[in-house]
> 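Please read through the structure below; I'll follow up with questions.
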Amino acid sequence: MKYALVTGGSRGIGRAVCIKLAEMGFFVLVNFHASPEEAEITLQLVREKGSDGEILNFDVSSQEEVENVLGKWLTAHEGAYIQALVNNAGIRKDALVMWMKNEEWHDVLNTNLHSFLYVTRFLIKEMIINKKGRIINVVSLSGLKGLPGQANYSAAKAGVIGATKALAQEVAKKNVTVNAVAPGFIKTDMTKDLDEAQLKAMIPMGRFGKPEEVAAIVGFLASEEASYITGTVVNVNGGLYT
Ligand code: NAP
């Protein structure tokens, strides 16, 4: 059994990733925080692909919850290890720096950046011992380019990009790859408050992307075929480069 964990698998890009990994034969652990019904729908869609999965409820920004829930799962599944980890859960709380509240800064850093440490550190030892692992971090164009009104989010995603490159070098000899995928504007709940008509004029392909278009590259990076790719950031943004 090949196990994969997708944080924030309940909705949006995370859901599409769960479905893609199910198609590839992974048993998918679908993490959610606030949307249990959406997580159930994802699990149903995973099963429709002929695979199976399980729902894990934890807040990625809480070290205690991450270690508690994943620790219990590992104890209950002796001998199993999570071969593919997709650090996808994320939030935005946009504000100009001069108006930004400490809470908006810390919430975004905790959920998008500190979560990387809590979840990855807990699972990477088994990947190293088994000499096989795939870590894929969902970052953002915002972390490469910096977007006004998103200093917190840009900082968090840039932080994950730096951590991706560093960790990739730490574990490369153990056959564990670490890569990031940087979406541009993708049609999900996260972007539903944005003015799509205005923003798509800036995108060479003239449209927002679909979650499945991000999931396709995440799936490839999780596959055997991607065995010599590590420490990279792959853009999925319709040509909207920095
Ligand atoms: P979304 O539709 O808003 O979904 C966010 C997901 O993250 C949900 O499944 C949510 O689960 C989960 N989540 C949020 N906080 C969590 C927490 N504390 N613990 C566990 N899960 C949590 O967003 P999306 O567009 O799919 O975004 C997915 C990733 O892509 C994020 O990292 C985002 O920054 C990145 N991204 C998105 C875009 C875009 O245009 N959409 C562009 C670049 C990067 P619950 O509802 O269960 O809490």
Side-chain angles (χ1 to χ4, degrees), residues 3-10 12-14 17-18 21 29-34 56-75 80-93 102-140 142-144 146 150-183 190 218 221-222 230-234:
Y3 293 97
L5 168 66
V6 181
T7 68
S10 45
I13 293 170
V17 169
C18 289
L21 294 176
L29 303 176
V30 181
N31 158 251
F32 78 98
H33 180 223
L56 295 182
N57 178 17
F58 58 84
D59 174 355
V60 291
S61 70
S62 159
Q63 181 186 345
E64 200 186 337
E65 281 189 33
V66 166
E67 295 186 357
N68 193 8
V69 173
L70 289 177
K72 279 189 183 141
W73 187 87
L74 288 171
T75 310
Y81 88 104
I82 294 168
Q83 185 181 316
L85 163 63
V86 184
N87 286 306
N88 163 79
I91 56 166
R92 335 176 343 234
K93 290 194 176 180
N102 285 354
E103 191 192 330
E104 289 165 335
W105 178 269
H106 290 296
D107 285 354
V108 169
L109 269 284
N110 287 338
T111 303
N112 295 281
L113 175 61
H114 299 155
S115 59
F116 163 82
L117 175 67
Y118 303 148
V119 181
T120 308
R121 182 177 55 194
F122 199 73
L123 298 180
I124 200 160
K125 281 188 211 109
E126 286 299 315
M127 293 185 188
I128 292 170
I129 290 166
N130 285 281
K131 293 202 172 58
K132 193 169 195 175
R134 295 280 188 268
I135 298 170
I136 299 120
N137 301 315
V138 181
V139 293
S140 172
S142 187
L144 289 163
Q150 292 198 324
N152 50 357
Y153 185 80
S154 299
K157 296 298 193 183
V160 177
I161 290 169
T164 300
K165 293 178 179 180
L167 180 62
Q169 294 171 68
E170 291 180 16
V171 296
K173 285 203 171 65
K174 300 295 180 189
N175 205 21
V176 177
T177 66
V178 189
N179 291 291
V181 171
M190 186 175 273
V218 174
L221 291 170
T230 198
T232 59
V233 184
V234 183

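What you see is a predicted model; the values in this text were computed from it and never measured.
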> Please output the side-chain donor-acceptor pairs of residues 171-181 that fall under 3.5 Å, not counting sequence neighbours, one pair per line with the distance.
unit_1: Asn175; atom_1: ND2; unit_2: Lys131; atom_2: O; d: 3.1
unit_1: Asn179; atom_1: OD1; unit_2: Gly231; atom_2: N; d: 3.1
unit_1: Asn179; atom_1: OD1; unit_2: Thr232; atom_2: N; d: 3.0
unit_1: Asn179; atom_1: OD1; unit_2: Thr232; atom_2: OG1; d: 2.7
unit_1: Asn179; atom_1: ND2; unit_2: Ile229; atom_2: O; d: 2.9

> Under the side-chain contact (heavy atoms from CB on, under 4.5 Å) test, which residues partner His114, sequence neighbours left out?
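Testing His114 for side-chain contact (heavy atoms from CB on, under 4.5 Å), a comparison that skips the adjacent residues, returns Leu109, Asn110, Tyr118.
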> If we only count heavy atoms from C-beta on, is the Leu85 to Val119 side-chain gap below 4.5 Å?
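Touching, per the 4.5 Å side-chain cut-off.
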> With a 4.5 Å cut-off on side-chain heavy atoms, are Asn112 and Ile91 touching?
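Side-chain contact under 4.5 Å: yes.
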> If you round to the nearest 0.5 Å, how far is CG of Leu56 from OG1 of Thr7?
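Here the rounded value is 11.0 Å.
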> What pairs of donor and acceptor atoms, side-chain ones from residues 66-75 against any protein atom, are under 3.5 angstrom apart with sequence neighbours left out?
unit_1: Glu67; atom_1: OE2; unit_2: Gln63; atom_2: NE2; d: 3.2
unit_1: Trp73; atom_1: NE1; unit_2: Glu54; atom_2: OE1; d: 3.2
unit_1: Trp73; atom_1: NE1; unit_2: Glu54; atom_2: OE2; d: 3.3
unit_1: Trp73; atom_1: NE1; unit_2: His77; atom_2: ND1; d: 3.4
unit_1: Thr75; atom_1: OG1; unit_2: Gly71; atom_2: O; d: 2.7

> Measure the spacing between CZ of Arg92 and OG1 of Thr111 and express it to the nearest 0.5 Å.
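Arg92 atom CZ to Thr111 atom OG1 measures 14.0 Å (nearest 0.5 Å).
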> Under a plain distance cut-off of 3.5 Å, with no hydrogens placed, do Ser142 and Ser154 share a side-chain donor-acceptor pair?
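Yes, side-chain donor-acceptor contact under 3.5 Å.
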> Kindly compute the distance separating CD1 (Ile82) from CG (Leu123), expressed to the nearest 0.5 Å.
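Between Ile82 CD1 and Leu123 CG, I get 4.5 Å after rounding to 0.5 Å.
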> Side chains of Leu29 and Asn31, heavy atoms from C-beta outward: is any pair under 4.5 Å?
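A side-chain contact is absent here, since even the closest heavy-atom pair is not under 4.5 Å.
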> How many angstroms lie between atom CG of Asn137 and atom NZ of Lys165, to the nearest 0.5 angstrom?
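Going from the CG atom of Asn137 to the NZ atom of Lys165 covers 12.5 Å.
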> Just jot down the salt bridge (charged side-chain N to carboxylate O under 4.0 Å, His left out) partners of Asp107, sequence neighbours excluded, or say none.
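Once residues adjacent in sequence are excluded, the partners of Asp107 under the salt bridge (charged side-chain N to carboxylate O under 4.0 Å, His left out) criterion are Lys93.
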> Any side-chain heavy atom of Ile13 sitting closer than 4.5 Å to one from Pro183?
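Contact flag for Ile13/Pro183 side chains = yes.
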> Measure the spacing between CD1 of Ile128 and NZ of Lys125 and express it to the nearest 0.5 Å.
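Rounded to the nearest 0.5 Å, the CD1-NZ separation comes to 9.0 Å.
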> Check Tyr153 against Met190 and note the closest heavy-atom contact, atom names and distance.
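In this case the closest contact between Tyr153 and Met190 is OH-SD, 4.0 Å.
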> For Ala4, which residues count as a side-chain contact (heavy atoms from CB on, under 4.5 Å) partner, sequence neighbours excluded?
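Result, side-chain contact (heavy atoms from CB on, under 4.5 Å) vs Ala4: Leu21, Phe26, Ala84.
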> For the CG atom of Leu113 and the CD1 atom of Ile161, what is their distance to the nearest 0.5 Å?
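Output value for this atom pair is 11.0 Å.
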> Could you work out, with side-chain contact (heavy atoms from CB on, under 4.5 Å) as the rule, every residue matching Ser10, not counting sequence neighbours?
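Here the qualifying residues are Phe32, Ser35, Glu38, Ala39.
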> Do you know the tightest heavy-atom contact between Ser61 and Ser115?
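Scanning both residues, the minimum pair turns out to be N-CB, 4.5 Å.
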> Is there a donor-acceptor contact under 3.5 Å from the side chain of Gln150 to the main chain of Gly146?
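Here the side-chain-to-backbone pair does not exist.
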> Check Lys157 against Ser140 and note the closest heavy-atom contact, atom names and distance.
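Answer, listing the atom of Lys157 first, then Ser140: CG-CB, 3.9 Å.
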> Might you point out which heavy atoms bring Ala89 and Val60 nearest each other, and give the distance in Å?
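Nearest pair, atom of Ala89 first, then Val60: CB-CG2, 3.9 Å.
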> Grab the two heavy atoms, one from Thr230 and one from Ala168, that are nearest each other, plus how far apart they are.
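So the two residues come closest at OG1-CB, 3.5 Å.
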> Any sub-3.5 Å donor-acceptor pair from Asn87's side-chain atoms to Phe116's backbone N or O?
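No, because the side chain of Asn87 does not come within donor-acceptor range (under 3.5 Å) of the backbone of Phe116.
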> Applying side chain to side chain contact (heavy atoms under 4.5 Å, CB included), run through Ile124 and Leu167 and close with a yes or a no.
CA-CA 10 Å; Ile124 200 160; Leu167 180 62; 3.6 Å; yes
